[in-house]
Amino acid sequence: MNRVREIKGLIRQEILAALDQAAAAGSLTLDSVPAFAVEVPRDKNHGDFAVNVAMLLAKSQGKAPRVIAQMILDQMKVRPDWLVRVEIAGPGFLNFTIEPMYFHAVLPAIAKEDKDYGKSDFGGGHKVQIEFVSANPTGLLHMGNARGAALGDTLGNIMSAAGYEIKREYYINDAGNQIENFGKSLEARYLELLGQTCQFPEEGYHGEDIIETARHIVTAEGDRFLHMESALRREFLIQAGLKEKLDNIRRTLEEFGVIYDVWFSEQSLHDDGEIKDTIQELREKGLLYEKEGALWLKATSFGEEKDEVMVRANGVPTYFAGDIAYHRNKFRRGFDTVINIWGADHHGHVARMKGAMGALGFDPDRLEVILMQLVRLMQGKETVKMSKRSGQYVTLSELMEDVGKDAARFFFVMRSADSQMDFDLELAKSQSSENPVYYVQYAHARIHSLLKMAGPGDREGEADWSLLKEPAELELIRKLADLPEEISQAAKDREPHRMPRYAMDLAALFHGFYTDCRCLVEDPELRKARLGLADATRIVLRNTLALLGVSAPERM
RNA sequence: GUGCCAAUAGCUCAGCUGGAUAGAGCAACGGCCUUCUAAGCCGUCGGUCCGGGGUUCGAAUCCCUGUUGGCACGCCA
């Protein structure tokens, strides 16, 4: 049940009918009705819904907004039973106050829909792919990856709930220079461990984890790569090393609650000839030319500042060429929309990627890139320098150990993607008990303990919901009714950070209700109704936390 | 240098397709447990929405400009 949406529709109809009558009566001259909003006002003194149509008409009518609002109001002579009153307020808003009992109907609906409450068919089964994290498999996952993981996974949950068909995908960068580097680094460590002296490559990965991986290979394979020709040895080491790194990444993400539908290998695009095909297609469209031994893409033809190399003089395709082939592949798989979550350091890549898609005949708007500002790690007031090459970074595993999966996910999703965020390690550890996530979880645990205390007869049969009329009760019910709209809006705007806020608001209203209204009262009818409200709140809190990938504990 | 993103309470951040008295969490201060979990509730304190212009019934929100910070501008990925 989506009561909020229903009522918005009813209000819209009322307004349209009133405008119609006003026009017929000659008080307004309407060529067209402006696209007005039916919104939930921030301040509850402004009613349940506010309509701004009078202000929008002010200019074309040459009248003051409040005068127009009065004209509209004059036409609304019959009050439907769901409507308590309409008032003109402020600069010309029409504020609608809804019969409270009209919202009470969500309570039995929530109990009935249970895990499905909040879901909708808003997305109409649109096929959407979300690609996120896609960290190089040459190291461990760091804080930036963690933020991307929490954002991407939660967005996927939200859009699924809102009726989109979602596939999660991880693009494995298992080709190219960084893999060569990875091989060289592993080789050096491998030889070192077997007592050889050798120079560590300058561009190599200095992290401890590479030594660890090399050690595992020595344990598993012994010295059988020792006397091989270097190129062949690297082949073997890369294969073994990649497997270990990818297993580690997959395992860590699973611990973080992220399960992918597809792990897509960059190398497979080389092997299957898809990159070649893509380049051929671009060639046929006249978008390629040769210069200084390399093959260039005329990116300037679709508005870029400069052209881009597709195939280097040494015959190896660039990362960009591979990425174009990859995105072409995505669209050819039939997704209506493709969403990428990228670090802000890739923003220069967005326009040319969209341009390339357009050049290949795909609507660039179907590729959406959510740019995520990087996470700056603080140790108190000191910035912690992070670099994968130097091996100095805090990993996702360490983060989960320090602050836990629940707090980490909640914390990352709470911020909008485009805010630069400082993550203070000391604060995260020391303040873990003051993290807002506990506030929400506590509300859930409180309800559980309350319900456990209820007697067997307390929940039987339908409650008389009309007994719930305290302000704290009405506000809480109103919030519960919001969930489906909240989810579909967050999905539509690709704004996962709205859900933690909803969860905090809901928890606050519950705590207020809990303080103001005793549930376990003598009166059996009131008791039943209040326990029913608490139970509905439990369901909504649990469903919201599930979207965030945060646990809903029954005891704390 | 050119381009992109940002700047809102002591701190971390919401609010931005123009809308009503700018919000939350944390921190600080003062109250509330013989009764359903005090990881809670109530109250107080806290603001040049970075500065300056402009657009209009109305600007934190849009435009111009300046300042400060982050990032990007490779035959790297």
Side-chain angles (χ1 to χ4, degrees), chain A residues 35 37 39 41-43 45-46 50 52 55-56 58-59 64-66 89-93 95 134-136 138 173 175-179 181 203 266 291-296 305-306 308-323 343-351 371-374 376 378 411 414-424 427 431-443 445-454 472 493 495 497-498 500-501 504-505 507-508 510-521 527 530-531 534 555-556:
Chain A
E39 289 174 327
R42 231 176 280 167
D43 186 338
N45 292 322
H46 297 141
N52 65 346
M55 278 112 83
L56 296 176
K59 191 164 263 176
R66 289 189 69 111
F93 284 104
N95 289 342
S134 299
N136 280 341
T138 56
N173 299 129
N177 276 337
Q178 86 281 0
I179 291 297
N181 261 332
E203 294 290 292
E266 179 185 0
K291 193 178 89 183
E292 293 160 6
L295 194 60
W296 292 73
E305 279 185 15
K306 53 186 176 45
E308 301 284 341
V309 173
M310 290 284 104
V311 181
R312 302 182 184 95
N314 65 10
V316 179
T318 58
Y319 175 81
F320 186 42
D323 220 14
D345 52 341
H346 286 66
H347 71 76
H349 197 49
V350 176
L371 284 180
M372 175 186 76
Q373 296 296 320
L374 300 181
R376 192 166 57 157
M378 309 290 285
F411 189 88
M414 207 165 49
R415 266 78 180 162
S416 74
D418 60 10
S419 73
Q420 294 170 87
M421 69 183 268
D422 290 347
F423 198 108
D424 188 330
L427 209 64
Q431 278 205 340
S432 61
S433 66
E434 281 125 32
N435 192 301
V437 70
Y438 295 95
Y439 181 79
V440 178
Q441 289 179 320
Y442 182 60
R446 244 183 169 180
I447 297 171
H448 257 275
S449 122
L450 190 57
L451 294 173
K452 237 167 60 184
M453 232 167 270
D493 297 333
E495 288 182 335
H497 72 272
R498 294 168 61 139
R501 286 179 187 280
M504 284 158 68
D505 289 348
F510 175 76
H511 287 309
F513 159 72
Y514 186 90
T515 306
D516 289 355
C517 306
R518 226 184 130 64
C519 287
L520 301 176
V521 288
R527 188 177 169 108
R530 285 189 174 162
L531 284 170
R555 247 190 319 274
M556 284 176 77

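- Under the 3.5 Å distance criterion, the side-chain polar atoms of A:Glu308 are left unmatched by any main-chain donor or acceptor of A:Thr318.
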(request) Let me see the working for A:Tyr319 and A:Asn173 under side chain to side chain contact (heavy atoms under 4.5 Å, CB included), right down to the final yes or no. (result) CA-CA 9 Å; A:Tyr319 175 81; A:Asn173 299 129; 3.5 Å; yes
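- Of the candidate nucleotides B:A20, B:A14, B:C36, B:A14 has the atom nearest to the side chain of A:Arg501.
- Residues A:Leu371 and A:Gly343 come closest through the heavy atom pair CD2-O, 3.8 Å.
- Among the heavy atoms of the strands lying under 4.0 Å from A:Arg518 is at least one base atom, whether or not backbone atoms are also near.
- Note on A:Asp493: nothing from the nucleic acid sits closer than 4.0 angstrom, heavy atoms only.
- Using atom P as the reference point in both B:U8 and B:A14, the two lie 10 Å apart (nearest Å).
- Rounded to an integer number of Å, the gap from CG of A:Asn52 to C1' of B:A20 is 12 Å.
- Proximity of a side-chain donor or acceptor of A:Arg527 to a complementary backbone N or O of A:Arg518 within less than 3.5 Å is not detected.
- Comparing the same atom, P, in B:C4 and in B:A22 gives a spacing of 32 Å after rounding to whole Å.
- Taking atom P in both B:C5 and B:A9, the straight-line distance is 22 Å, to the nearest Å.
- If you take atom C1' in B:U67 and the same atom in B:G52, they sit 11 Å apart, rounded to whole Å.
- The side chain of A:His497 has B:G15 as its nearest neighbour among B:A20, B:G15, B:G40.
- One can place CD of A:Glu495 at 8 Å from P of B:C16, the figure rounded to the nearest angstrom.
- Nucleotide B:C33 holds its P atom 15 Å from the CZ atom of A:Arg446, rounded to whole Å.
- Counting non-hydrogen atoms under 4.0 angstrom, A:Met414 reaches nothing in the nucleic acid.
- Here the straight-line distance linking atom CZ of A:Arg555 with atom CD of A:Gln441 works out to 14.0 Å at 0.5 Å rounding.
- One atom, OH of A:Tyr514, and another, C1' of B:C33, lie 11 Å apart when rounded to the nearest Å.
- B:G66 and B:C11 are spaced 28 Å apart, taking the P atom of each and rounding to whole Å.
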(message) Just to be sure I follow the notation: if a pair is Watson-Crick (purine N1 to pyrimidine N3 plus N6-O4 or O6-N4) or a G-U wobble (N1-O2 and O6-N3), each under 3.5 Å, what dot-bracket string does RNA chain B give, with | for pairs to another strand?
(response) (((((((..((((.....[...)))).(((((.......))))).....(((((..]....))))))))))))....
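- Residue contacts shown for A:Tyr442 include a base, since a base heavy atom lies under 4.0 Å away.
- Residue A:His511 comes nearest to A:Tyr442 through the heavy atom pair CE1-CD2, 3.4 Å, listed as atom of the first residue, atom of the second, then distance.
- The nearest heavy atom of RNA chain B to A:Phe93 and to A:Ala417 marks one nucleotide each, and the one closer to the 5' end goes with A:Ala417.
- Following rounding to the nearest Å, A:His448 (NE2) and B:A39 (P) show an atom-to-atom distance of 18 Å.
- With a 4.5 Å cut-off on side-chain heavy atoms, A:Tyr514 and A:Arg446 count as touching.
- Shown here, B:C63 is classed anti by the O4'-C1'-N9-C4 or O4'-C1'-N1-C2 angle, which is more than 90° from 0.
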(request) Summarise how protein sits on nucleotides 72-77 of chain B as a single string, 5' to 3': B when a protein heavy atom is under 4.0 Å from the base, S for sugar-phosphate-only contact, - for no contact. (result) SS-BSB
(request) Give the C-alpha distance, both sets of side-chain angles, the deciding distance and a yes or no for side chain to side chain contact (heavy atoms under 4.5 Å, CB included) between A:Glu203 and A:Asn177. (result) CA-CA 10 Å; A:Glu203 294 290 292; A:Asn177 276 337; over 6 Å; no
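- Regarding A:Leu451, its CG atom lies at a distance of 11 Å from the P atom of B:U37, rounded to whole Å.
- Comparing B:C73 with B:C50, their P atoms are spaced 29 Å from each other, to the whole Å.
- Looking at heavy-atom distances under 4.0 Å, A:Ala50 makes contact with a base.
- Backbone-only engagement by A:Asp418 is indicated by non-hydrogen atom pairs under 4.0 Å involving sugar-phosphate atoms exclusively.
- Atom CG in A:Asp516 sits roughly 12 Å away from atom C1' in B:G40 (whole-Å rounding).
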(request) Go through the steps for A:Thr138 and A:Asn181 under the test side chain to side chain contact (heavy atoms under 4.5 Å, CB included), then give the verdict. (result) CA-CA 9 Å; A:Thr138 56; A:Asn181 261 332; over 6 Å; no
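- In the set B:C41, B:A24, B:A20, B:A24 carries the atom at the smallest distance from any side-chain atom of A:Met504.
- In this structure the side chain of A:Cys519 reaches within 4.5 angstrom of the side chain of A:Phe513, judged on heavy atoms.
- Considering all non-hydrogen atoms of both residues, A:Ala89 and A:Arg66 come closest at C-NH1, 3.6 Å.
- Put simply, A:Thr515 has no side-chain N or O that comes within less than 4.0 Å of OP1 or OP2 on B:C41.
- Proximity note for A:Leu520 (side chain, C-beta onward) versus B:U37, B:C36, B:A20: the nearest is B:C36.
- When the C1' atom is compared between B:C26 and B:A39, the two are found 14 Å apart, to the nearest whole Å.
- Within 4.0 Å (heavy atoms only), A:Met453 reaches sugar-phosphate atoms of the nucleic acid but no base atom.
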(message) Let's go through A:Asn136 and A:Ile179 carefully: what are the C-alpha distance in whole Å and the side-chain angles of both, what is the deciding distance for side chain to side chain contact (heavy atoms under 4.5 Å, CB included) to 0.1 Å, and is it a yes or a no?
(response) CA-CA 9 Å; A:Asn136 280 341; A:Ile179 291 297; over 6 Å; no
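- As rounded to whole Å, 11 Å separates atom P of B:G18 from atom CD of A:Glu39.
- At a threshold of 4.0 angstrom between heavy atoms, the contacts of A:Arg555 include nucleobase atoms, whether or not backbone atoms are also involved.
- Nucleotides B:G58 and B:G1 have their C1' atoms positioned 40 Å apart, rounded to a whole Å.
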